[in-house]
Amino acid sequence: MRPFARHWRITTPGWADAVAFLLLAALAVLVAKGAAGVAEPLADLRIDPVSLDPWHLPAYALRTTLRMFAALGASLLFTFVVATLAAKSKRAEMIIVPALDILQSVPILGFLTFTVTFFMGLFPGQQLGVELAAIFAIFTSQAWNMAFSFYQSLRSVPADLAEVSQGFGLSPWRRFLRLELPFATPALVWNAMMSMSGGWFFVVASEAISVGKTRIMLPGIGSWLALAIDRQDFGAVGWAVGAMAIVILLYDQLVFRPVVAWADRFRFEQTASQDAPTSWAYDVFRKARLLPVLFAPLRLLGALLMTLDRAPARAQRPQRRRTRDPIGQKLWLALVAVVLGAALWVVIGYVARHLAWGDAVSAFGLGLITMLRVLVLIALASLVWVPIGVWIGLRPRWAERLQPIAQFLAAFPANVLFPFAVIAIVHWHLDVDVWLSPLMVLGTQWYILFNVIAGASAIPNDLREAAGMFGVRGWQWWRQLGIPGIFPYYVTGALTASGGSWNASIVAEAVSWGSERLEAHGLGTYIAKATTAGDFPRVTLGIAVMSVFVIGFNRLLWRPLYAYADRRLRLA
């Protein structure tokens, strides 16, 4: 038991322990205070609805932040299980990756349409049901990006490290903990930040739930913004933006910046980085002497689990090469095809019973218009943010300074800009189909920036030093080092950005300011109008058409680029 005895040594607390204790105590109090309202009756939301009194804004900000982190925790758990399974199993990959393509194409309003009643039925008459529906909606705006990032990282583990792990006879569990999870952590951290910001982008739709004649407004910044936009209150909108900025700055300093500094140790390189990211909170927690004692039970549990894993001793034996089973592979593909065909038949049957074929043709035509917008916007965002992301990623000091700014811009809800867009379009008689389009990419372009930053920061320092020593500059640097280093990350960012743009079309193609409402032609407007009217057949048709477009786009463009990056553009 001597290895475990050091976890229980009596240590003398210092100033770092006092600061760490105050931070953790304050966090516990805030969580308890924010979670207290979840158990209240649902009727209280109708008796005491959301108020635009600024004194209520701190409590609303706390409730929204707790929902965001609850959804982020669920997204992390989903990522570790689903993305790992997809990366490890070819048969699981054939189901999980297309399913992720479909799920990221389903808009948040589509999830809310079919899940609000389910969650409210689980907890009738309580706010907990609506809270779970809101958290699930935020989860759907966070999970897919993180899952794609982790899946791409697991597929990109350097071959020499994988061979070393096999040489040491590591079991799958130990290999995941010792190699794959650390290698994927830096990119996952940046994508977690982006997912957190993506949740802010859809927080209005998540908290101000409106499906048919049912409208429930949970206390939060999203509901505050929805009410302020309905009442055309610019002052209330300003208060909400200010509260968002403060919240983002706080959790950037207390959560994400310490995590970025901690994750820097897992960068894959053979020479030490000269400019490592720093964090005062990370330094405080690292210097605290009592925290290791407090968390000793968790470390002890992990050590015990590792000692129970006896697989490495058996894995050192020569392994026979597995032969492929073509019959089993074909049977598996046939089973997947039958299940997908049955699901497609059910959807077609449901829509055909309520709508005519002309409605399907109309929805498909609107989908083509939205697809054109997505293509143009992703191309423009790539031209702008790829060079900027590489510049930031290669300079950790600048990344540290710009990180909270990028998080705030990524979290900035497009709903705040709706009033200005409506006023400008009406005043200058602009084309709605053209000038509402930029609203689609406001929240999704940051997927490209954050993934490119993660890719540039992951370029091994020894390769960067070698390129500098040999005078590799300009286009040659981009062709031989820059593009190969960031390309897998860029594909992940562009894939999630395109899927997010389809999702954002629901709120960006049909905007309102008070009684003034502008609608652009597109599939987003079609789904938004059907959701507001409670027209479930048209909601189903719109979601199905959007899923077909997103899956086809991913299969024909992004997946081949993934394969090309895995085959040709790997630095290690």
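Note that this is a predicted model, so its numbers are computed, not measured.
- Checked against side-chain hydrogen bond (donor to acceptor under 3.5 Å, both in side chains), Asn451 has the following partners two or more places apart in sequence or in another chain: Asn191.
- Contacts of Tyr490 classified as side-chain hydrogen bond (donor to acceptor under 3.5 Å, both in side chains), with partners at least two apart in sequence or in another chain: Ser382.
- Checked against side-chain contact (heavy atoms from CB on, under 4.5 Å), Leu375 has the following partners two or more places apart in sequence or in another chain: Met371, Phe553.
- Taking each heavy atom of Leu561 and Phe487 in turn, the nearest pair found is O-CE2, 3.7 Å.
- Residue Leu76 holds its CG atom at 9.0 Å from CD of Gln142, rounded to the nearest 0.5 Å.
- Minimum heavy-atom separation, Met440 to Ser501: CE-O, 3.5 Å.
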Test Asp264 against Val260 for side-chain contact (heavy atoms from CB on, under 4.5 Å), laying out the working first.
CA-CA 6 Å; Asp264 187 66; Val260 169; over 6 Å; no
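- Within the structure, the salt bridge (Lys or Arg N to Asp or Glu O under 4.0 Å) test picks out the following pairs touching residues 180-189 (sequence neighbours left out): Lys88-Glu180, Arg175-Glu180.
- Contact annotation: the side chain of His521 never approaches that of Glu509 to less than 4.5 Å [non-hydrogen atoms, C-beta and beyond].
- In this structure Val472 satisfies the side-chain contact (heavy atoms from CB on, under 4.5 Å) test together with Ala467, Phe470, Gln476, Trp477, Gln480, sequence neighbours excluded.
- Here Asp283 pairs with nothing under the side-chain hydrogen bond (donor to acceptor under 3.5 Å, both in side chains) rule; sequence neighbours left out.
- In this view, Trp280 satisfies the ring-ring contact (aromatic ring centres under 6.0 Å, His included) rule with no residue, not counting sequence neighbours.
- In this structure the side chain of Leu372 never reaches within 4.5 angstrom of the side chain of Leu368, judged on heavy atoms.
- The aromatic ring centres of Phe549 and Trp502 sit less than 6.0 Å apart.
- Side-chain atoms of Tyr282 and Arg257, non-hydrogen and from C-beta on, never get closer than 4.5 Å to each other.
- Legend: residues meeting side-chain contact (heavy atoms from CB on, under 4.5 Å) with Val164, ordered by chain and number and at least two apart, are Phe168.
- For the atom pair Ile95 CD1 and Leu100 CG, the distance stands at 12.0 Å (nearest 0.5 Å).
- The list of salt bridge (Lys or Arg N to Asp or Glu O under 4.0 Å) pairs with a residue in residues 191-206, not counting sequence neighbours, is empty.
- Between the side chains of Glu93 and Tyr151, a donor-acceptor pair is found at a separation under 3.5 Å.
- The side-chain contact (heavy atoms from CB on, under 4.5 Å) search around Leu181 returns Phe80, Phe150, Phe176, Leu177, Thr185, not counting sequence neighbours.
- For the side-chain contact (heavy atoms from CB on, under 4.5 Å) test with Met68, the passing option among Ile221, Ile138, Ile135 is Ile138; the others fail.
- Between Thr370 atom OG1 and Tyr526 atom OH the span is 12.5 Å, to the nearest 0.5 Å.
- With sequence neighbours excluded, the residues satisfying ring-ring contact (aromatic ring centres under 6.0 Å, His included) with Trp391 are Trp398.
- Shown here for Ser457 and Trp190, the closest heavy-atom pair between the two residues is OG-NE1, 4.3 Å.
- The ring-ring contact (aromatic ring centres under 6.0 Å, His included) test applied to Phe69 returns Tyr251, not counting sequence neighbours.
- Shortest non-hydrogen contact noted between Ser153 and Phe183 is O-CE2, 3.5 Å.
- Aromatic ring centres of Trp385 and Tyr447: separated by at least 6.0 Å.
- Heavy atoms only, all atoms of each residue included: Leu72 and Met146 are closest at CD1-SD, 3.9 Å.
- Nearest heavy atom pair, residue Ile459 against residue Gly485, reads CG1-CA, 4.1 Å.
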